[in-house]
4 protein chains.
Amino acid sequence: MRGYAITEEAQPQAVACDYDKTRSLSEALAEPLSDADATVQSMADASPAKWHLAHTTWFFETFVLRDHLPGYQLVDERWPFLFNSYYEAEGPRYARSARGLLTRPSLAEVLEYRARVDEAMAPLLDRPELADLIALGCAHEQQHQELLLTDIKHALFANPLGPAYVRTAPVATNIAGSETWFEHPGGIARVGHDEAHDAGAFAFDNEGPSHRALLEPFALAGRLVTNAEWDAFIADGGYRTAGLWLSDGWAWVNREHVDAPLYWHQDAHFTLGGWRARDPHAPVTHISYYEADAFATWADRRLPTEFEWEAIGQAHDATAGHQLDAAGAIAPAGSPGLFGDCWQWTRSAYLPYPRFRAVKGAVGEYNGKFMSGQFVLRGASCATARGHSRASYRNFFYPHQRWQFTGLRLAKDL
Amino acid sequence: MRGYAITEEAQPQAVACDYDKTRSLSEALAEPLSDADATVQSMADASPAKWHLAHTTWFFETFVLRDHLPGYQLVDERWPFLFNSYYEAEGPRYARSARGLLTRPSLAEVLEYRARVDEAMAPLLDRPELADLIALGCAHEQQHQELLLTDIKHALFANPLGPAYVRTAPVATNIAGSETWFEHPGGIARVGHDEAHDAGAFAFDNEGPSHRALLEPFALAGRLVTNAEWDAFIADGGYRTAGLWLSDGWAWVNREHVDAPLYWHQDAHFTLGGWRARDPHAPVTHISYYEADAFATWADRRLPTEFEWEAIGQAHDATAGHQLDAAGAIAPAGSPGLFGDCWQWTRSAYLPYPRFRAVKGAVGEYNGKFMSGQFVLRGASCATARGHSRASYRNFFYPHQRWQFTGLRLAKDL
Amino acid sequence: MRGYAITEEAQPQAVACDYDKTRSLSEALAEPLSDADATVQSMADASPAKWHLAHTTWFFETFVLRDHLPGYQLVDERWPFLFNSYYEAEGPRYARSARGLLTRPSLAEVLEYRARVDEAMAPLLDRPELADLIALGCAHEQQHQELLLTDIKHALFANPLGPAYVRTAPVATNIAGSETWFEHPGGIARVGHDEAHDAGAFAFDNEGPSHRALLEPFALAGRLVTNAEWDAFIADGGYRTAGLWLSDGWAWVNREHVDAPLYWHQDAHFTLGGWRARDPHAPVTHISYYEADAFATWADRRLPTEFEWEAIGQAHDATAGHQLDAAGAIAPAGSPGLFGDCWQWTRSAYLPYPRFRAVKGAVGEYNGKFMSGQFVLRGASCATARGHSRASYRNFFYPHQRWQFTGLRLAKDL
Amino acid sequence: MRGYAITEEAQPQAVACDYDKTRSLSEALAEPLSDADATVQSMADASPAKWHLAHTTWFFETFVLRDHLPGYQLVDERWPFLFNSYYEAEGPRYARSARGLLTRPSLAEVLEYRARVDEAMAPLLDRPELADLIALGCAHEQQHQELLLTDIKHALFANPLGPAYVRTAPVATNIAGSETWFEHPGGIARVGHDEAHDAGAFAFDNEGPSHRALLEPFALAGRLVTNAEWDAFIADGGYRTAGLWLSDGWAWVNREHVDAPLYWHQDAHFTLGGWRARDPHAPVTHISYYEADAFATWADRRLPTEFEWEAIGQAHDATAGHQLDAAGAIAPAGSPGLFGDCWQWTRSAYLPYPRFRAVKGAVGEYNGKFMSGQFVLRGASCATARGHSRASYRNFFYPHQRWQFTGLRLAKDL
């Protein structure tokens, strides 16, 4: 996805380890896919799996090998045009919406490309001056791992045959029935990534600077909203009641004929394991901001702000919960903490923090330039590589988008 | 435009006075228009002048006369379908984008409609229990006065003959050449409309509740950005430098072939007085949020947040500056304070304040439902009825919109 | 509309007479319209009434006064940009789809424009060398008279108030109940306008050259299809039976949700006299080619070719039947001959006749350049100025268009 | 493609032979393609290669095996939904524009599908009562062979890497430099497929009934227009001269920014053998009807009618010339006769012949329902299976389409 900041300290050994693990996971995720599966693109927001595999490799090839390894020859000098995503500073590029037409290079050629770049990267992994850049490339690739999974899910869904990405059984849920709340007394909280305090830990540039935020007393729900609760919203006419919706959301509902979360059909929903019966106790997912907001209004609650979420999230283990460890029929289950299962919509628009300045150059294009029109999501999903997210992590999407594993956790004023 | 809250206290005499003054001003603004001028609609965002005149009247007829005057008969029972804007609770309505096809009722019939409603309103103007509702109807009509002017400007601009709304001379500018800054030390500021403190003063619901905001030290420019400064931005390749733009903004620039503010052509620009040479010292106007943000980045400054603006604005006279008093060749001149000339883009997304709750019923549809995807503007413009705005006032538009009198005032960190 | 050829002979007296009569009729047709009525444009295919009045005047001003009256000064030199329709050779022009935004010049100014051009034309009306050109301008203006009526009908229909163009009563119908056929034995027929034979009679260039056409034995229905017959088609599921439709037509039906002729609503239809009950015995009108073809298939008949129609039409009086004589609540009634009431779709694509060559220059743009994608209609409608049409006359529209007075007359093989 | 008529007589042996040859050729054409190549769809007009392979098989499975082999079980009962093209009578079907998302079934599975259907077909190939149906399935598959080639060409063109379908060398051209004409004295010609005369020969339903056509004296060019001639048209401003174009064509040129035939770039063009230098003496191809017509106007010639072409074509060997025999870098070369290299636009709209009646049922949907908005092309192209076309053969496309091997042969009046 979109960006990073170069931190002060680095731990080369850890980086080397992450590099191999990250790269291997990407290939494991692609393993169930045919050449054709890896090539198609089901909508402009999505990209082919093959493209994700190549783009993350292009990132290392460009910003590490090309820029830091004297004499390095590109594997194919025509490919940067294909595999640059949106870095204006890196020159023109192939139209995003047509990525699904690139039958060449083949999946096998892309895997070969990965191997050649990995081979060239190997001697650089313990170079301290590159540690931050490599950490960043790994974090970047983890973002694309999540996109690869959500994009292939969307593509397979388009096929009336409903093919499964993998056939393994889904994880059982364990969301407690009782409603608990994390309460907060309000006051000034410190939010954002603090480079001084978290020296050596990676974070994207949009997570900083660390700063103070003023909170009013509030409570954050102890669990995510469930499929059963969403069924009640539908049964109560949620999708037909204009008064529950934001104006843009109501227009979207009517224009797109929306009457349920994405992937729902009757009592089933489409998952990476194919069509399955919905578990009523599992967290609802694949909902837009508009839906999340309408549900909260219907429930007489509201969405949290991103800083409310972060103030509570700081006390939770960001590596716990149902997150991505390996390929499988990935779907939300029930996680006791704040992380895992689904990204959680907040009512905060995605905007720069006080004194935020984008880094100059291509690197600076990561996050800052997306700061209009989108909303922040917090937490981590079942498709987020474990270890990738943290309390200060800011994910962001447009309010109508819902092909990610997006859910909601309610908040209320105290 | 869009909304209000019913305040606790009311002053009937003041209201009666405002009612007549407000209604008269609307009619004065329409005076230079022919029946055809008042009928056309140049884009979906705009409405015909005639429609503004009728819609504001429908508002009083519906929420005051129909709801509070027993036995009142609608002037024409088919008209609510035509003149309801977006109140879902008031039933179906005519498609917004086709308002320009309504040649009937004619402008003369709409003026007659206004007269009949005014006549029916007269005995109600001193009724204390209706004072808030009537104040609100007046504020609502003032918003439409501004839209009437910006919409007719857009419609006349579409005509290659470049007809003037009126032929009077524009106001001379007096923006001081020297750069001054309003400095603020940071800390906790109280923002928003405080009903307890401002008892009896009207405010829209989106201006409250009053609450605390935490500010970092900053400075706000003593004047608006000028046409001459914008010319320098253009000359420096501002519209061709991707790195200055938000990603959505850059896409907009390229898709719409934007290379200057709206209404600019060579050294002239289109005004309500027709095509005129641009005054280099006058404030730039008709710019989108994207343009404002790109300019600020180019100038190595930033846009203020809405609370930074408000913290400074509280010390200024909201009724001073170049604002609307009468029909004329309305255009930004130069105003010494924070109000007047142009609405000023802030970097704050338009979102609810802490503990904000929309009012139930049709009235509640005014402001809350627009809280996604838009940005807040503060101040007042040359087309804002004097007395309409205040320090807590929140105007809001989508980031690409620029047919309003929109400008910018820079900010910087201290 | 679209084109003409200059004939060899001319009769100045007749021309002068036609000129005044034609010009007067246009103004009479505009008489019931307000300035706003005359300004709006309800779709890109239509034009404002005011524009028709001005464009036909521009035609005389450009091709007669400017080109043939030394020293003539244009009434307003900015207007040709506005009132040129599609003559590429006459330079750039205002976008057709935005004609409805031209509130200036006003209807009154356009009528003044007409008067000034008429005054300048007066001394030229008896000049033999201009007779053909003037005849052509009159025929051109008659085409626009019909468009003015169909365009204003479409615009008024868009208004939920359903305003009538005029309030006069519709004409009673007299279509005979019995089914009669005009039979033809087949063989070689002569079709098209024959300059040698019809010397002095006006015809458009697309009606020639006269040539031979080979016909197989056929019969043409003695009357038009009626509303009652169309009701039977609907009742039999005509609009829901894919097998009756051309593929493009079926896509159109589904895309546009078509389930009846344009202007139908329940048992009523919108007419130039406002909403009226439908007369079951009146000819059906406002149908597309797709609908006409589907109906014919359903009825186990077919549409005639244009030459079949012409071979029969040559024996009928082209000035008889229900055609336009004056402004009124114009609608199809029932005419005994082949002309009047409705234009009749043929199954002939609009293509050039053998040895047809477009005239060089602006004049040549009239007809030839439209010869792709459209179908020929024959006859004349209730909105066609009496005397305008003839047996060789070729009207043409795209197969989805139906805002003209379009109907059908069935044919069958013998 | 689109349709057929069942002829009276049949020759089982010939059919069996054609069946195997036709089926084998399809598979040979797919042989150079990867699974991904065979899956993508570059525009709504095109289909994936895999889909062509499956659809043609579905045709035999549905109309022969399902309807005529008692007890036959579909290979996969979910597949007809995917592989039906447009037969409304065969029920709902997958959206055409989304065919490129069908990664499953894979190319390998589709080839297995083909093998299983072929196996089931084997015992039926000598059944006389099925001979016509099988002949028709073969002709249908030959149409899809041509589409497969033009569709894959379009898809590979979208890839900036410009991959070749095959790497073999193109065929040398031999168009004679001298201009010769086939002259015709005019008179009544017999055109269309004559079942009585051509008993046993296959033809599509749209080629009949045989009937008489009246021709005026004319001449048809002895060869196709060449790339060099097209270069002269471009150099003379052909694409910038409004007066040469049909009105719809001129709008298309400007809307699509057309300034050369499809696949041209500077002195090269994209071929099934990849990017190649253009041979100036080779026939121009990949032009739209609009372009063909504009060129003819520029050259002071015209396009022939379909019957003019057929009257000359009857004297030529339809199996001669450069047509498809095997997979390769297929491109127009130069053929001395009327057949081969390129389909040739005629100025005839695609309409039914006198007394044409579509067959009832799914079979009847083949050709008749496309008879609006398209133009007829005659001849055969380098991608037409040799033996598929004939003098009476009617190919048809919309006037803007040009991804087929479309060229032009000029005509003139005598």
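Just so we're on the same page: letters track the sequence lines, and every chain starts at 1.
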Counting heavy-atom pairs under 4.5 Å with chain B, the top scorer among A/H211, A/E216, A/R302, A/R212 is A/R212

Within a 6.0 Å radius of atom CZ on B/R240, are there more than 12 heavy atoms belonging to other residues, nucleotides or ligands? no

Please classify the contact between A/R357 and chain B as side chain, backbone, both or neither, with a heavy-atom cut-off of under 4.5 Å. side chain

Carboxylate-amine/guanidinium contact B/D293 A/K369, below 4.0 Å: no

Sort A/Y398 into side chain, backbone, both or neither according to what part of it lies under 4.5 angstrom from a heavy atom of chain B. side chain

For A/L303, is it the side chain, the backbone, both or neither that has a heavy atom under 4.5 Å from a heavy atom of chain B? neither

Given side chains that start at C-beta, do those of A/P354 and B/F218 come closer than 4.5 Å, heavy atoms only? no

Between B/S372 and A/Y290, which heavy-atom pair has the shortest distance, and what is it? OG-CE2, 3.7 Å

Residue part contacting chain B, namely of A/P399, when any heavy atom lies under 4.5 Å: neither

Chain A: which of B/P352, B/G249, B/G243 shares the most heavy-atom pairs with it under 4.5 Å? B/P352

Relative to chain A, which segment of B/W250 carries a heavy atom at a distance below 4.5 Å: side chain, backbone, both, or neither? side chain

So does A/R355 have more than 12 non-hydrogen atoms from other groups sitting under 6.0 Å from CZ? yes

Which one of B/I188, B/T305, B/T297, B/L351 has the most heavy-atom pairs closer than 4.5 Å to chain A? B/L351

